[in-house]
Amino acid sequence: EEVKKEYPQLEIAGVHGSFDETAEVEKIIENVMTNIEGITGILVVSGGQAGVGKAFEKLKLDKRPYVVIYDQTPKNEKALKDNTVDFLIDQNGYVRVVEGLQNTLLIAVLGLLIGIVIGTLIATVRVVPKYKLLPRVLNGFCSFYVALFRGSPMVVQLLVGYYVLLPLLGVRTSGLNVAIAVFGLNSGAYISEIMRSGIQSVDPGQMEAGRAVGLSFSASMCKIVIPQAVKNILPTLGNEFIALIKETSVVSFVGAADLYVAFSYIASNSYEYMVPYLVMAMIYIVLVLIITLLIKLLERSLRKSDRRN
């Protein structure tokens, strides 16, 4: 009845289900062709709801009277094997998953590195003494930059960058490159505040000691203050990296292929959404657990050189 409502122009002659043997299918076809007139084709599908979904698509394209014979197997092990696993392995769906995983990690890692560079420069400008005009101007620009990227969602920044700024500048590039750039700029705004708090957590006497032995402000900052600040903010940087990993799920708005795009493609083509999305969730969880473990190991390694412990 649902098919008749969806496709009123079709004559759905009959439906039969629950078959496992090829001989049983042949017997059903023979009975249908013998007892029902006006049938121009018989469409046999399997895989429960996923198979029926594919049959509906074919009915919509052919626009001819069919009898649909399908296996009413629920979403169990057989259905999962016939649909998701088949598309993932036999039809090379895993290639899209690998590509999506690579792009997810590439966007997050490069975005974090760009963010660390930008954030460190901004944090340094923010803590420089404002005795002259140039530091005050730079501080105002950095404050505007941080407010801009922290005050707008990542999706909006991606859309503006890809659909507004690139056409205005006459630049043609891929959605992946735009995603890396936007993630780096966005991360730089957050890391600048993280780095600034880390620098301010270092004892001011460290800077004074560096200046006392003849080092310049920049040399004291790079060689004495920032290395200590990084040790203090390492857990927060780890949280920022985890946030970037999870936020990559929005890069599909600019045509970049990440894990979400890969598993959405598999789900839409196999008509099985539960398993692909559960697998995707598991991959994100495993990535976060691995990053968390690496951050803890790095913290433990740096703590060995800390005399206070």
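Worth knowing before you read on, the calculation uses all heavy atoms, side chains too, and leaves out hydrogens, waters and symmetry mates.
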Under-4.0 Å salt bridge between E193 and R126: yes
Could you check whether any side-chain heavy atom of I266 comes within less than 4.5 Å of a side-chain heavy atom of V275, counting everything from C-beta outward? no
Can you find a pair of side-chain heavy atoms, one from Q228 and one from D203, that are under 4.5 Å apart? no
Could you check whether any side-chain heavy atom of Y162 comes within less than 4.5 Å of a side-chain heavy atom of V182, counting everything from C-beta outward? no
How long is the span from the CD1 atom in I290 to the CG atom in L293, to the nearest 0.5 Å? 8.5 Å
Hey, could you give me the OH/CG distance between Y190 and L244, rounded to the nearest 0.5 Å? 10.5 Å
Criterion side-chain contact (heavy atoms from CB on, under 4.5 Å) on M195 and V230, from CA distance to verdict: CA-CA 7 Å; M195 184 65 72; V230 170; 4.3 Å; yes
So, the side chain of S252 versus the backbone of G255: is there a donor-acceptor pair under 3.5 Å, distance only? no
Residue pair V125 / P135, side-chain heavy-atom distance below 4.5 Å: no
My understanding is that only residues two or more places apart in sequence, or in another chain, count here; which of them pass ring-ring contact (aromatic ring centres under 6.0 Å, His included) with Y163? none
Please answer whether the main-chain N or O of A257 pairs with a side-chain N or O of E99 as donor and acceptor at a distance below 3.5 Å. no
Taking a hydrophobic cluster as the set of Ile, Leu, Val, Met, Phe, Trp and Tyr residues connected by side-chain heavy atoms closer than 4.5 Å, whether directly or through intermediates, do V97 and V251 fall within one such cluster? yes
Test of understanding: clusters of I, L, V, M, F, W, Y form through side-chain heavy atoms closer than 4.5 Å, transitively. Do V98 and V286 belong to the same one? no
About how many Å separate CE of M207 and CD1 of I224, when rounded to the nearest 0.5 Å? 7.5 Å
Under a plain distance cut-off of 3.5 Å, with no hydrogens placed, do S174 and N177 share a side-chain donor-acceptor pair? yes
Could you check whether atom CZ of F253 has more than 12 heavy atoms from other residues, nucleotides or ligands sitting under 6.0 Å from it? no
How many angstroms lie between atom CG of L112 and atom CD1 of I191, to the nearest 0.5 angstrom? 5.0 Å
To the closest 0.5 Å, what do you measure between CG (L101) and CG (L259)? 5.0 Å
Can you measure from OG (S187) to CZ (F149) and round to the nearest 0.5 angstrom? 11.5 Å
Test side-chain contact (heavy atoms from CB on, under 4.5 Å) on D258 and V250 and set out the steps. CA-CA 9 Å; D258 68 319; V250 302; over 6 Å; no
For F241, give me all partners under ring-ring contact (aromatic ring centres under 6.0 Å, His included), at least two apart in sequence or on another chain. none
Is the side chain of S301 donor-acceptor paired with the backbone N or O of L297 at a distance under 3.5 Å, no angle test? no
State, to 0.1 Å, how close S220 and G210 come at their nearest heavy-atom pair, and which atoms those are. OG-C, 3.6 Å
Does T124 form a side-chain contact (heavy atoms from CB on, under 4.5 Å) with I226? I'd like the steps, not just the answer. CA-CA 9 Å; T124 303; I226 290 180; 4.3 Å; yes
Give a yes or no answer on whether the side chain of R211 reaches the backbone of L215 with a donor-acceptor pair at less than 3.5 Å. yes
Might you confirm whether atom CZ of F217 has over 12 heavy atoms from other residues, nucleotides or ligands at distances under 6.0 Å? yes
Would you say Y145's side chain and L185's backbone share a donor-acceptor pair under 3.5 angstrom? yes
Main-chain N/O of I122 paired with S192 side-chain donor or acceptor, under 3.5 Å: no
Should we say atom OH of Y260 is surrounded by more than 12 heavy atoms from elsewhere, each under 6.0 Å from it? no
Are F183 and L121 co-members of a hydrophobic cluster defined by side-chain heavy atoms under 4.5 Å apart? no
Can you find a pair of side-chain heavy atoms, one from L234 and one from N232, that are under 4.5 Å apart? no
Are Y265 and V261 close enough, and set up right, to give a side-chain contact (heavy atoms from CB on, under 4.5 Å), and what steps lead you there? CA-CA 6 Å; Y265 176 81; V261 173; 5.5 Å; no
Residues that, via side-chain heavy atoms closer than 4.5 angstrom, fall in one hydrophobic cluster with L165: V156, V160, V164, L168
Counting C-beta onward and ignoring hydrogens, is there a side-chain heavy-atom pair between L287 and I242 closer than 4.5 Å? no
